[in-house]
Structure formats: C-alpha cells, structure tokens
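Below is one structure; the comments refer to it alone.
Given the structure is predicted, the values throughout are model-derived calculations rather than measurements.
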Protein chains: 2
Amino acid sequence: MPGIKEVAKQANVSIATVSRVLSKPESVAEETIKRVLEVIEDLNYQPNAAARQLRMSETTTILVVVPDITNTFFSDVLRGIEFVALENGYQVLLGDAGNNPEQEKGYLNILRQKKAAGMILLTAGIEANLVEEIAAQYPVVLACEYLEGVNVPTVSIDNVSSARKATEYLINLGHKRIGYISGPMNSVLGRDRLKGFYQAMAQYNVKVEPDLVQEGDFSYKSGFNMMLKLLAYSHTPTAVFAANDEMAFGAVNAIEEKGLTVPQDISVIGFDNIKFSSIFKPALTTISQPTFDIGTKAMELLIGLMTKQEMKKTQFILENKLVLRDSCYKCSR
Amino acid sequence: MPGIKEVAKQANVSIATVSRVLSKPESVAEETIKRVLEVIEDLNYQPNAAARQLRMSETTTILVVVPDITNTFFSDVLRGIEFVALENGYQVLLGDAGNNPEQEKGYLNILRQKKAAGMILLTAGIEANLVEEIAAQYPVVLACEYLEGVNVPTVSIDNVSSARKATEYLINLGHKRIGYISGPMNSVLGRDRLKGFYQAMAQYNVKVEPDLVQEGDFSYKSGFNMMLKLLAYSHTPTAVFAANDEMAFGAVNAIEEKGLTVPQDISVIGFDNIKFSSIFKPALTTISQPTFDIGTKAMELLIGLMTKQEMKKTQFILENKLVLRDSCYKCSR
DNA sequence: AATTGGATTGTAACCGCATTCAAATTTAGT
DNA sequence: ACTAAATTTGAATGCGGTTACAATCCAATT
C-alpha cells in the first residue's frame, strides 16, 4: 500500500534518495541509509514491481511450460528450476499445456507482453521454426525435449543411447522376443527412444518383431492397452521396454491381469525413474534421468541468456543411468 | 517490440485511439477500428503488461503456493486452478514451499510488490494471524488446508468426517485392533483426520491402543517406518489407516517386507486418492478428494474476491467419497 | 579568503499505456 | 444554409519508480 513517496516524506528525503538506498546504497550517506531503511521497515514498503519493470524494462519472472503438471517427472524438473530461480531472485510462472499444442502456443504471448523475461520449454508441441523465431527474440531454453536442427540452448539426456542401454540390458539377460511400447511418434523423445531400441537390436542381431512394437502416448492407460495387444499375439514377448515409467506400470498391470508375473514370465523395463518407480511392485528397473539437475541446469542456462553472458556452450547432455530393480529377470524361455 | 505509438503512427491515429480500440471499441468509428486492428495484426503488437498494470493498478497473475509440487495430489489441484485461471485470462505464478514455512512466507512479498493480484494457499505453514492480516489487504483463499478461527475464504473437504468414514469402514469389516499413521500434528489436516479416527473409534466402542497411533509426516518413508514400528509390537494391528496415500503405500510395502500380505493379514486404507492409488498393488482403498474441483472452486472464489463481487458464501466444503478397492478385507482374527 | 572538488541530495524527464477533457468533425433539425 | 447536438479523435496527465543532471554543502588546497 505505501508508495515510495510516502517513505520519502517520512524519512525527510526525496524519492530519488529512497530509490538509491535500495539500488545504489554506496552513493548515499550512512546516516541517511539508516533513516530510510527504518522507515521502509516501518511501513513494510515494497517497491511496486510494475513501475520498476516499466522503467527498467526487465522483469524477474520467467515462464516454464510443462506438458502435464500431473506427471511427477516434470514436477521434479520444476523443483530444480524453482530452486535456482528463487536463489537468483526470479519467480516462475507456470504454464501447463495439458498436452495441447494450441494451449502451449498461447503462452508465447506472455513473453511478448513482457510479463516474463524468459522461458523454459519442457514441451515440444510447438513447431520448430516458431520456437526458433521466438528464441531469436527472447531468452528461451529447451529442457528434456529438444528440436532437431534448431540451435536453441538445450539441456537433456541422450535418449537414443539410454534407450540403447536399456535394450542391451534386456538382450544381455537373454531375451530375444522383446516388445516395445513407444511414446507418441510425433515427439522427438518418442522417436529417439525407439531409435535407440532399434540400434541395440540391430547391433546384437536380434530380430525386431514389427507386431511387438506398439505406439503409446506416455500414459498409464496406453501402456496397459498396448501390453494387452502384445499379449494377444501367439508369440508373446519375454521382455518389454516401455518408453516411460507410467506406461511400464500399465504394462506390468496388464501382464499380471492376464495371470502372468513380472519378471518371471515377462520382464519390463521403464524410462524416467519417477518417484513411484521404486514404490511400485515389482520395483521398476528403469533409466534414471537427473530430473532435478536438468531443472537447475536449464535455469542456470536461462539466467545466462537473460543476463547476456557469453556462453561457451549451450547444449548440455546430462548423464543418465540404468537403475536395476526387480522388474527384469533372465530369460527362461 | 512495437509499442502503441508505433501502431498509432502506422494507422494514422493517436495513441489514445489505439488504446480505445483495444478497450472501448464501441467509442471508435467502425472504419477506424478496422484500420487499427489491421496494423496491430501486422505488427504483432501486444500491449506492455507492466505499463498497463501500472496505470490500472491491477495485474492478471495470481499466486499459488504449494507445499510440495512433487505430490501429485497438489498438482491435480493446481490443474483445476490453472484451468479456470486461463479461462478468465489469469496466469498462475507457482510457489513451491518445499515444506518450509520460511520459504512460504517469502512468497507474501509477491503480493506486496503487486506482482500478483491474489493468492491461493494450498499450504498452512504460515501463522494464522499473519494469514489473516494478509487476507485483510489482499484477495486470499485457502484450499485443502484451513485455519481454525480464521475467517478467510476456504474450500476443502471435511477432514474429520471423512476420516471417521474411513475408520467406520474398517470397523464394519470387523477390525478391532486398528492402527493409525497420522500426518504431522502441527498441521490442521493431520489433527483433523486423527480426530475423525478417534471419533469413530469412540462411537463404536472400539478401544484405541495408544501404541498403535504413530505420527508420520505424509511422506512414503514415514509411512514405511511407522508401519515397521507398529509391526514390532506384540499385538500387531489387523488394519491400518494412513492419513494419506503416500504413507499408505509405505505401510503396505513395510507389511509385505515382513512377509505378510495386504489385505489378507492386514488391511490398509489411505487418504487422498492420488493418481497412483489405483495403479498400486493392491489397489488402494482410500478417501477420494475432488482435487480438480477444489482447484476450480478455489480459483472461482479468488476471482470473486478480486473483482469485489458480493459473496454470499466463502466457506466451501466439498464432497469426498470412500473408494473401495483391494487393500481392505474382513478381519479374520 | 577564494577556489576546487568530492560527497550527497534534489529536480525532472522518462518508461508505455488508460483516461479526462476539449477540440474537431459529422449528423440532425429547422 | 446555419446552428445545436452527437460522435469521434487528439493532447495532456499520471501511475510509481529509476536515473541523468544540476544543485548544495563542506573540507581541503592555494
């Protein structure tokens, strides 16, 4: 409620001095600082963000667009982002795209209206060229997802090689008939992980049964349904790789609903290592992404962009690891 | 990038006219509107939010403070909030308190700086009188949590009666030795649910074994550990009520680790009905909160407050229901 | 004693937009 | 054709800060 001039009056100085106490204290007399600070404390004065922003043409809020806030994978990344944002005096504006590209696109206006100084995209529903155009005008970083051929700062893991790693693990357990439940093919993530799967299969000379590769959409339900489909074939797989944990849960439950057990009858491996993966039974073997670190790194990158620091590197591939739990077992057939 | 005066120049009108086209088109000639709109389209002009906000002294962002973004219970509420926020032209600023009251308090400055027009608190880490003080100055609504004796608009469920309902269910299944894993006692939520438990036990004349009531902190780990503690007593309970689902998962897993099974040996009931409850095995019997509705209702309430509408009612108790799944069974001992 | 210069502080001009008030233009009425 | 009324438009002002620039003060220097 109190404005800068109220403070100025009570402290018997001009508004300029009050402003200086807050931003360039070294140019103000010791004693004056003390007096002003006291009044500020007294009145519980907080500078009006809009006025400051208008004058300085810079805000301290950044926008984060998430494909689905309900997925704990993203909320972990979000935590990382918020952590370093707060540490640096930024606030995060949340945009949940609800898996809808149109809605996602709507958030771009927040940037244009200067309501946010920069943006972190955890999604990839926007066309590459639009992203590129926006990134040319505003600080933007991509996290988790990335766009092919687009030179926007990015932090993610290597989805191809980690999917390869997971597949290799299955192969080394002796599995030959390996099913794959992919993410949506219109997402790079979905495509990359599938690519890794194919690469590993080729490398080890294991034949890919086309019927055993089904497209899901990263949801539990799709994992469940696709697994049912796989189980309907005469030759059921002995192992299944689901492109994310939620689908893996669906697969496991579908398998058990059919009276089979995981991992004795069929091994299942997931991707992401979300919070529930270790709680689920059987505890899910999966690829672990450093979610929190992806978040912190992305935010650090964005800060670099916003403060126009010289960036030596703008593409970050973080380490992932295979975490072994109880959902995979040696092939017995 | 383009400002209002750029538009004005290109459309051959004054900035006043441009402004009017955007806010009071009925006071501008048909033809002028068309011309201005064309230029706006052309230049991709977006009014500067800071300037507008400064002038109008109102912003369209609201603040939501969450105790823990990682808990899917809250992300569901958040979805509800965002849904109606977006529909009404508001953006949501996310504040993750990380279960830390200090951090939570820090978010209040966002209100004072006028960066947000209102606030929804999903937490209750701030002292009642501070909340009351803030609520007197700014639009604030409490969701999920509430504060005793504080007359701040609130939307939640009746935690006492729903805990009673869950307990009754256990009692009706024939259980006499019922354990309870509570939430932290410094939260109203934790206390209310415990109260409901006591009420039901008293009503049915079932003795409460003090040893079988343990305090957790709503985390999986605490559920696990407290259950281990319950299992260490000579007389183990035949049923356990955990004050939220995550702790219930912990309890189930602890029970199974000891070689017992749920629900045959021990029944477990949870609270919240988070996404994972139906995926978990055994599927968790639990109290379902209308998370999405809590969110939408809270946001509607807040909008009412911000637009200074006459409110006939500011306390909303939403319906909960007991959802029966596979983690409870008749008492066999 | 007059001059100089550093340290402090105040004055005033913006930042981009909404809005008041008066001017300009059009329409209507006689 | 001329005036009054209604409609449309523009110039000026202020929202609450920041900051360039000018003014003031006082000790140090000459």
Side-chain angles (χ1 to χ4, degrees), chain A residues 1-40 43-61 89 109-117, chain B residues 1-40 43-61 89 109-117 137-138:
Chain A
M1 203 61 175
I4 194 172
K5 69 168 101 68
E6 181 62 23
V7 175
K9 194 189 303 175
Q10 299 225 15
N12 246 316
V13 292
S14 71
I15 60 168
T17 302
V18 177
S19 177
R20 274 187 291 250
V21 167
L22 264 8
S23 51
K24 275 205 310 246
E26 67 276 13
S27 73
V28 181
E30 200 67 47
E31 198 195 346
T32 315
I33 291 184
K34 222 186 84 200
R35 187 154 33 100
V36 171
L37 248 27
E38 248 162 36
V39 178
I40 286 179
L43 270 50
N44 205 343
Y45 164 74
Q46 290 273 2
N48 179 311
R52 167 182 249 132
Q53 180 183 339
L54 176 58
R55 187 66 232 269
M56 317 270 282
S57 65
E58 69 182 32
T59 172
T60 59
T61 82
N109 280 339
I110 294 186
L111 237 35
R112 295 197 253 260
Q113 289 166 185
K114 306 271 187 297
K115 285 199 88 158
Chain B
M1 204 60 176
I4 195 174
K5 68 169 103 70
E6 182 62 24
V7 175
K9 193 188 305 175
Q10 298 226 15
N12 245 317
V13 292
S14 72
I15 61 169
T17 302
V18 176
S19 177
R20 274 187 292 251
V21 167
L22 262 9
S23 49
K24 274 204 311 245
E26 66 276 15
S27 74
V28 181
E30 199 66 47
E31 198 195 346
T32 316
I33 292 184
K34 222 185 85 201
R35 187 153 35 99
V36 172
L37 248 28
E38 248 163 37
V39 178
I40 285 179
L43 269 49
N44 204 342
Y45 164 73
Q46 290 274 2
N48 179 311
R52 167 184 243 127
Q53 180 182 340
L54 177 57
R55 182 67 228 270
M56 317 272 283
S57 64
E58 68 180 34
T59 171
T60 58
T61 83
N109 281 339
I110 294 186
L111 238 34
R112 299 201 182 96
Q113 290 166 181
K114 305 271 186 298
K115 284 200 90 157
Q137 303 176 57
Y138 310 95

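The shortest side-chain heavy-atom distance between A:Val36 and A:Arg20 does not fall under the 4.5 Å cut-off. Within the 4.5 Å cutoff, side-chain heavy atoms of A:Arg35 are placed close to those of A:Asn12. Between B:Glu30 and B:Lys34 there is no side-chain heavy-atom pair separated by less than 4.5 Å.
Candidate nucleotides C:dT8, C:dT19, C:dC17 were compared by shortest atom distance to the side chain of B:Met56, and C:dT19 ranks first.
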Can you give each donor-acceptor pair under 3.5 Å made by side-chain atoms of residues 45-54 of chain A, sequence neighbours left out, with the distance rounded to 0.1 Å?
unit_1, atom_1, unit_2, atom_2, d
A:Gln46, NE2, B:Asn109, OD1, 2.7
A:Asn48, OD1, A:Ala50, N, 2.7
A:Asn48, OD1, A:Ala51, N, 3.0
A:Gln53, NE2, A:Lys114, O, 2.6

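Close approach of DNA chain D to chain A, defined as any atom under 4.0 Å from a non-hydrogen atom of the protein, starts and stops at D:dG16 to D:dA20.
Heavy-atom distances under 4.0 Å link DNA chain D to A:Ile15, A:Ala16, A:Ser19, A:Arg20 of residues 9-21 of chain A, given in residue order.
Remark: P of C:dC15 and CD1 of B:Ile4 are 14 Å apart, rounded to the nearest angstrom. Residue B:Glu31 contributes atom CD, which lies 11 Å from atom P of C:dT26 at whole-angstrom precision. The nearest whole Å value for the distance from the NZ atom in B:Lys5 to the P atom in C:dC14 is 11 Å. For the pair A:Leu54 CG and C:dC15 C1', the interatomic distance rounds to 4 Å; values are reported in whole Å. Look at CZ on A:Arg55: it is 5 Å from C1' on C:dC14, rounded to the nearest Å. The nearest whole Å value for the distance from the CG atom in B:Leu22 to the P atom in C:dT19 is 12 Å.
Scanning for side-chain contact (heavy atoms from CB on, under 4.5 Å) contacts around B:Ala116 gives B:Thr61, B:Leu63, B:Ile110, B:Leu111, with sequence neighbours left out. A:Ile33 meets the side-chain contact (heavy atoms from CB on, under 4.5 Å) test with A:Val21, A:Pro25, A:Val28, A:Leu37; sequence neighbours excluded. Taking the side-chain contact (heavy atoms from CB on, under 4.5 Å) definition, one finds that B:Ser57 meets it with nothing, sequence neighbours left out.
Looking at heavy-atom distances under 4.0 Å, A:Thr32 makes contact with sugar-phosphate atoms alone, never a base.
Pairing each heavy atom of A:Thr60 with each of B:Lys115, the nearest pair is OG1-NZ, 2.9 Å.
Here the options are B:Thr32, B:Val39, B:Val13, the test is side chain to side chain contact (heavy atoms under 4.5 Å, CB included), and the partner is B:Val18; only B:Val13 passes.
Comparing A:Ser23 and B:Ala29, the nucleotide of DNA chain D nearest to each residue sits closer to the 5' end for B:Ala29.
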